[in-house]
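What follows is a single structure, written as structure tokens, with notes after it.
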Amino acid sequence: MAYNDLVADCLQNEPAFCTAKCPFNLDVRDFIGKLQQGRFNIAYKSYRQAVGFPGIVIALCGEPCSRVCILKDKGGSASLKLLEKASQDYARDTAPDQYNMPAKDKRIAIIGGGISGLACALRLLTKKYQLTVFEKSGRIGGHLHELLSPEIFMDDIRSQFIHEKYTLNLDTEIVSLESLDFDAIYIATGKGGNDFGLSLSADVAFASTKDGVFLGGSLSGSDTMHAIADGLNASNAIETWLKTGKMNHTVPAGGTRLMPEAVRPGESPAILPYNGVSYTKAEAVDEAKRCLKCSCDACVRYSPLMGYFQKFPKRITEEVQVTIQPSSLDGNATLATRLISTCDHCGLCKEVCPKVIDTGDFLLQSHKAMREKGAMPWAFHEFFLRDMDFSNTEAALVKPPPGIITSSYAFFPGCQLGASDPEYVTQSYRFLLKHFPGTALMLNCCGAPAEWAGDEPLHSRVIDNIRDDWDKLGQPVMILACASCKLMFRKHLPEIKAEFLYQLMADKGLQLAKRFTETTASVFDPCASRHEIQVQQSVRKLALDAGFTLEPLPLEGNLAGCCSYGGQTAIAHPPYAAYSVKQKTAQNDHPYITYCSNCRDIFAAAGKPSWHILDILFGLGSETRRQPGISERRNNRLKLKKKLLNEFWNENAIMENPIDKLFVSAELREKLNKEWMLEQDILIVIGNCEQSGEKLFDPEAGTFSGHMNVGNMTYWVEYRLTQDKVFELVNAYCHRMKIEEV
Amino acid sequence: MANKKRLLCFKCNKELELKKTDFSYLGHTFFTEVPACPRCGQVYISEELVKGRISEVEMQLEDK
């Protein structure tokens, strides 16, 4: 089904179960929300507006809501009736509102002075229609006399009609409608009463088969509560007739499509009134707070993006659509650009949605559309696309297995594993060659950054290159170390059979350098592993074999959340990335075991002790190892390439490490990392200043400064040359705005 | 890099003077006065300007 159709099917605005069951369709979420805040007066007004006669309804309502309350087996249904009474008891002012409106000239007859007729009369009177009630007996109230003491219901009726005037004809039996000269008639003559030979129209609410004549209440078989509700609702049908001359008023179908699984109640014992009869204010508020105000908000609760923005799929769709197809005067309003670029594409929104609405994919397609029309700011993804290019050029390496011509397998560690620690890759490759000697090597990026940037042509080129390399190697089975790579392969290279490194490790077993007994940790499943049950189990097996005690996380397995790396949102929306990582690291106090190097490094940067499973298996970094900075990550990839060539193919690659010529203080390095400025680029800028002489001199500080475009970004550097021919960086910063130099 | 520091163009050995300079981002253009060499036009943008007004306008244009 198309995304727009799915969103139309979204359950966000479906009524709560109790509301759907309520004869008056009381908006319980709204009513309870007010009580939760102790706002009894306003809660009572909402209630009165919904039921017409609050005193009578409180006295007689059979609480059908309690039968469908989601808390029924979790401590007891919410006591709505007692809460309704509390709203009445503690309302500051229970007098009905007085509406100062001009009188209308339309005249309406109500036949039957029972509660349904009175409800209809009350609603029409507040709209200032002229009302005449005909009652064949000598009293109003109808069948309520059989159910309640007249003191209770007459008091309520008097009270609700206090501001309204109407003509009441008691002891007046209408035997024929022909004798009545009115603009509309509501017949509510009670159970077994006179229907004047009319019947209800099949598809129009309360309409009889005669124009301008309506039927309802016990006459139509309604019980007391529905009879009141009929009167209130019939007033709307009558008004439609009076305004349009058409008998076409419809009432919503009722019911709810809300699914019980969308609401996950905890145990919560019902609050019982201390006096056994009615709540105190405090008791009422406590009971109101038990109410879950059932609604389908799974996406907003789980998806970090929807939770951060507090936006449901419908709102997101609207904002994104006006962004892609702007209708503003200058045709250039891009309301949701940043929202589109904030999605980490973790897939959790779709996973938790009972209607399987895939907002993440919608945002990905929207991102593509924005990029195609050149409306997506280049700055959001340029750093990551340049990084991907680096991985696929300078740091890339595609080699058949050492000493073997045909490849049965190819190890594809992904671009960031070796960037985090080159040993992750070299040790894994040693392991693979020991067990699977025909394993080739492919140091590449899987193209995820291009997909996340919405750059389809670039993404296709990356995918085509991977396919070409794979073909040249003889179409081996890929061994992957990164769940995101696996997802990308499944999506874009389905012809390539791929397995996880960790599954092979769990199968073959490893000789551990260290055991971790008496250590409790939690496995953090990367979001891309959501449906990779086998690798999730393999990693847990490896951790248990290493001696760990494992504690589950709220977000794991099919509910795995993104560490904040996905979608590479850190430049487009830094506060969101910080929010998302905090949400993930705060799940418990145990250190995490990850099997995605991005998760590990992001958690390490956030101060959350985390191992990569390869740290544990090969005795590498500790759980508190500092995450490498962005420049170090590039160096690590070059070091890795050099080491692999040397160790496995006996090739001595000469790779200069230019940033050895640059001195950067630890403090400044931290700043460069935060601002996504590479030391490699800074050295190029300095080199350009030195070569061209286009630089400025600060005689006081003895420093030079200059600028240059790196990609689309303008880099500024301030530096001095030290005696040992090393450039000391004094400061650096960058901006996205381009200087239009003459 | 303080805004008011004395800077010389290395090539021209001239002290920088304020000069109207054009900038562009995401299809929009603006101008402001920044220090520049009176002879060759080489400009200087301070970190203060970058972190202040420039970054503010960049954000506004991205969210426009």
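In what follows, every chain begins at residue 1, and chains take the letters A, B, ... in the order their sequences are listed. Note that these values count all heavy atoms, side chains included, but never hydrogens, waters or copies made by symmetry.
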Can you list the steps and then say if B:Arg6 with A:Glu700 is a salt bridge (charged side-chain N to carboxylate O under 4.0 Å, His left out)?
CA-CA 8 Å; B:Arg6 187 171 158 256; A:Glu700 208 172 300; over 6 Å; no
Should A:Asn709 and A:Thr714 be marked as a side chain to side chain donor-acceptor pair (under 3.5 Å) after you check the CA-CA gap, both sets of side-chain angles, and the distance that decides it?
CA-CA 4 Å; A:Asn709 290 346; A:Thr714 304; 3.0 Å; yes
Checking salt bridge (charged side-chain N to carboxylate O under 4.0 Å, His left out) for the pair A:Arg315/A:Glu318: CA distance, chi angles, key distance, verdict?
CA-CA 5 Å; A:Arg315 173 93 181 270; A:Glu318 285 161 13; 5.6 Å; no
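Contact of A:Ser692 with chain B is made through the backbone alone, with heavy-atom distances under 4.5 Å. At a 4.5 Å heavy-atom cutoff, B:Phe31 makes no contact with chain A through either its backbone or its side chain. When heavy atoms are compared at a cutoff of 4.5 Å, A:His707 approaches chain B solely by way of its side chain, counted from C-beta outward.
Between the side chains of A:His367 and A:Trp452, not a single donor N or O lies within less than 3.5 Å of an accepting N or O. For the residue pair A:Tyr308/A:Gln583, the side-chain donor-acceptor check at 3.5 Å is not satisfied.
The interface of residues 566-579 of chain A with chain B, defined by heavy-atom distances below 4.5 Å, is empty.
Checked by atom type and distance alone, the side chain of B:Arg39 never pairs as donor or acceptor with a backbone atom of B:Asn13 at under 3.5 Å. In terms of modelled atom types and a separation under 3.5 Å, the side chain of A:Glu694 and the main chain of A:Cys689 share no donor-acceptor contact. In this structure, the side chain of A:Gln680 engages the main chain of A:Ser631 through a donor-acceptor pair within 3.5 Å.
Here B:Val43 is the residue among B:Thr21, B:Leu61, B:Val43, B:Ile54 with the most heavy-atom pairs under 4.5 Å with chain A.
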